[in-house]
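Read the structure below first, then the notes.
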Amino acid sequence: MMYLVLAIVGLIAGLLSGSVGFGGGMVLLPVITYFYGIEVAVPVSTIAQLMSNLSRAVIGRKSIDWKAAGRFLVLAIPFTALGAVGFAKVPKVPMTVTLCVGLIVFAIMKLKGKMKLPHKPATMIIGGGVTGLINGLLGISGPLSSAVFLTLELAPVSYIASEATAAAVMHIVKIIVYGKLSLMSWEILLSGLFIGAAMMVGNYLSMKLIHNVDKKKYQKIVAIVMIAVSVWMIITNIR
């Protein structure tokens with residue numbers, strides 16, 4: 001029964017992340033935590049999300065903005081490693097709630113057309129550093145990295161694939177660090193691969209549906225989902 005639930009949740013998470021570029025981890029973490037506990041849930045979720053991000057990158061490989069992804073990773077790689085080292089030590093609830101409040105403000109301003117970050121390399125580089133640190137510390141990066149990539153105003157598939165490429169690299173860094181800290185095991189690996197396979201199916205289905213979506217309408221949908229996911233994260237963390 002546990003594996004059936006995880007497979008269904010993985011499929012739903014894949015549909016969500018393949019549609020808007022994030023949210024899969026937010027769906028996965030509460031369920032995996034219920035079965036395994038938070039210390040195991042984050043590594044399991046990391047493996048599953050690595051598979052999910054790799055599949056989105058492969059599906060949309062012709063549309064990837066390699067320059068943007070490369071700039072994003074300049075600071076994202078070292079700061080992800082730094083955050084992963086401190087994973088077990090940070091107070092996760094207050095940091096998560098603070099992050100979510102910031103994302104809600106960003107999304108509301110994006111919907112109102114008042115969020116115009118400069119289209120400069122520095123935006124991607126600094127955004128990558130902040131995202132990497134949060135990703136390593138909390139195991140959460142999707143909404144934040146998506147907020148950074150949204151500033152490029154890419155077409156839907158290009159946005160999804162470019163963000164997924166950067167996210168996949170960050171997840172690889174985290175897995176390496178978790179391995180060094182003895183936070184990985186065969187059970188964690190196999191569970192992550194199982195859930196990741198379900199997510200890949202959801203990614204494939206959802207990315208086939210967004211090719212012809214209007215770019216401006218799509219960005220508004222992403223912003224609305226970002227608000228909903230952030231509110232959900234706040235509720236699940238403070239109750």
Side-chain angles (χ1 to χ4, degrees), residues 9 12-13 16-17 19-34 38-39 41-42 45-46 49 52-53 72 75-76 79-80 82-120 122-154 159-160 163-164 166-167 170-171 174 216-239:
V9 171
I12 294 171
L16 179 60
S17 58
S19 299
V20 297
F22 62 91
M26 315 305 114
V27 174
L28 285 177
L29 267 179
V31 180
I32 301 176
T33 300
Y34 174 80
I38 187 62
E39 297 299 330
V42 171
S45 177
T46 298
Q49 290 185 76
S52 176
N53 280 290
F72 183 89
L75 291 181
F79 275 86
T80 296
L82 179 64
V85 170
F87 162 68
K89 301 177 181 179
V90 299
K92 293 179 177 54
V93 172
M95 286 192 66
T96 300
V97 171
T98 301
L99 170 64
C100 290
V101 171
L103 288 169
I104 291 171
V105 172
F106 168 85
I108 291 173
M109 293 180 69
K110 187 73 177 176
L111 285 170
K112 292 183 175 182
K114 295 181 179 180
M115 178 56 70
K116 296 289 184 180
L117 294 178
H119 291 246
K120 295 181 179 180
T123 301
M124 299 304 297
I125 294 171
I126 295 172
V130 174
T131 300
L133 184 62
I134 297 298
N135 185 17
L137 289 172
L138 304 179
I140 299 169
S141 65
L144 192 54
S145 60
S146 295
V148 176
F149 276 89
L150 276 177
T151 63
L152 300 174
E153 298 188 352
L154 300 171
Y159 152 73
I160 292 283
E163 191 276 336
M170 289 191 292
H171 287 310
K174 285 167 61 181
K216 291 185 177 180
K217 290 181 179 179
Y218 176 78
Q219 290 180 359
K220 289 183 179 180
I221 293 172
V222 172
I224 292 171
V225 174
M226 188 175 293
I227 293 171
V229 169
S230 297
V231 170
W232 167 252
M233 288 172 60
I234 291 173
I235 293 173
T236 56
N237 274 276
I238 64 175
R239 68 182 180 182

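FYI, side chains are in, hydrogens and waters are out, and symmetry mates aren't considered; it's all heavy atoms of this structure.
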Should T131 and M170 be marked as a side-chain contact (heavy atoms from CB on, under 4.5 Å) after you check the CA-CA gap, both sets of side-chain angles, and the distance that decides it?
CA-CA 9 Å; T131 300; M170 289 191 292; 4.0 Å; yes
Looking only at heavy atoms, which two atoms of N53 and A167 are closest? And how far apart?
OD1-CB, 3.4 Å
Assess whether side-chain contact (heavy atoms from CB on, under 4.5 Å) is satisfied between Y159 and E153, documenting all intermediate values.
CA-CA 8 Å; Y159 152 73; E153 298 188 352; over 6 Å; no
If you measure from NE2 on H171 to OG1 on T80, what distance do you get to the nearest 0.5 Å?
9.0 Å
Mind listing the closest non-hydrogen atom pair of G127 and V148 along with its distance?
CA-CG2, 3.9 Å
Distance col, row S45:OG vs K174:NZ, nearest 0.5 angstrom, shows 7.0 Å
Quick one: closest heavy-atom pair of F72 and A166, and the distance?
CD2-CB, 3.6 Å
Hey, what do you get for CG (L133) to CG (L82), rounding to the nearest 0.5 Å?
6.0 Å
Within-4.5 Å side-chain heavy-atom neighbours: L154 and E163:
no
